[in-house]
Amino acid sequence: MNTPLQPGSLAGKTALVTGSSRGIGADTVKYFAAAGANVVINYRAKAPRAEKLVAEIEAAGGQAIAIGADLTDAASVASMMDAVRERFGSIEILVLNASGGMESGMGDDYALKLNRDAQVNVLTQGAELMGPGGRVVFVTSHQAHFIDTVPTMPEYEAVAKSKRAGENALRALIPTLEAKGIGFTVVSGDMIEGTITATLLERAAPGAIDARKEAAGKLYNVSEFAAEVAQAAVDPVPADNTRLVGDVSYFTAFSADTAGE
């Protein structure tokens with residue numbers, strides 16, 4: 001795969017990407033590995049898929065480990081961080097990619113536990129392994145980022161609100177991170193074709209993806225959006241700590257119209 005990052009530019013650095021056994025997380029890990037980083041692949045249940053990705057990276061000459069952890073369990077996260085410390089010593093890049101809430105049978109409060117509480121805990125514990133120059137990237141969607149001003153599909157509303165709650169909680173930690181010399185960037189994208197969220201949404205509301213594609217003109221695929229996530233980890237932190245990927249005219253126009261009412 002083509003990599004957006006300069007080969008060797010991340011040599012000696014370690015990148016941990018949550019929810020990275022597949023999809024956006026997996027491609028982000030590959031980009032970091034291709035740039036020379038040691039990579040930590042986090043997964044919740046799919047060990048064989050994560051180990052396959054480790055083998056692929058190692059076959060290309062990279063360094064990778066896969067660590068299973070339930071991000072909603074603080075003790076499980078602590079064990080993951082201990083394993084990272086033991087193997088690589090530190091973390092230079094932390095990508096908070098894992099999210100959910102549309103899965104069945106997970107409980108009414110699961111979206112908020114994963115998309116807000118777990119994100120804060122992972123960052124808090126991960127930051128203990130980070131020093132000056134470290135970077136944190138939080139991955140979200142336009143539907144969640146703009147949920148306070150732009151309504152979304154009913155099937156996705158609870159998840160969108162929980163993701164925005166997570167973003168707000170993480171943004172509240174920016175002063176603490178900056179005091180340690182750690183940069184923080186939110187990367188927000190439109191619906192991404194090929195992701196599990198898009199698949200579940202399409203199942204709940206058939207036609208949703210095509211409708212959004214028609215409205216936006218283009219939807220990024222997994223590898224294209226992952227390239228933006230990887231780039232956000234090395235580019236200068238935006239003044240508003242936000243990297244908007246793809247067209248946002250619908251969201252900003254709707255927000256402006258609402259504000260003018």
For residues Ser20 and Ile41, report the shortest heavy-atom separation together with the two atoms involved. OG-CA, 3.2 Å

For Glu157, check side-chain hydrogen bond (donor to acceptor under 3.5 Å, both in side chains) against everything at least two apart and list the hits. Lys161

Is there a donor-acceptor pair closer than 3.5 Å between any side-chain N or O of Lys163 and the backbone N or O of Val139? yes

So Leu96 and Val122, do their side chains get closer than 4.5 Å, heavy atoms only? yes

Test side-chain contact (heavy atoms from CB on, under 4.5 Å), reference Leu94, set Val84, Leu16, Leu129, Val137, output is Leu16

Going hydrophobic residue to hydrophobic residue with side-chain gaps under 4.5 angstrom, can you get from Leu244 over to Val237? no

How long is the span from the OG atom in Ser76 to the CG atom in Asn121, to the nearest 0.5 Å? 10.0 Å

Would you call the rings of Phe225 and Tyr220 parallel, tilted or perpendicular, taking 30° and 60° as the class edges? perpendicular

For Val222 and Ile24, work out which heavy atoms get closest and say how close. CG1-N, 3.5 Å

Among Val39, Asn38, Val40, exactly one meets side-chain contact (heavy atoms from CB on, under 4.5 Å) together with Phe32. Which residue is that? Val39

Determine, step by step, whether Arg116 and Glu167 satisfy the salt bridge (charged side-chain N to carboxylate O under 4.0 Å, His left out) criterion, reporting the C-alpha distance in whole Å, the side-chain angles of both residues, the deciding distance to 0.1 Å, and the verdict. CA-CA 7 Å; Arg116 183 192 64 189; Glu167 180 180 336; over 6 Å; no

Could you walk me through whether Glu228 and Arg243 pass the salt bridge (charged side-chain N to carboxylate O under 4.0 Å, His left out) test, one step at a time? CA-CA 9 Å; Glu228 294 282 346; Arg243 185 185 185 106; 3.1 Å; yes

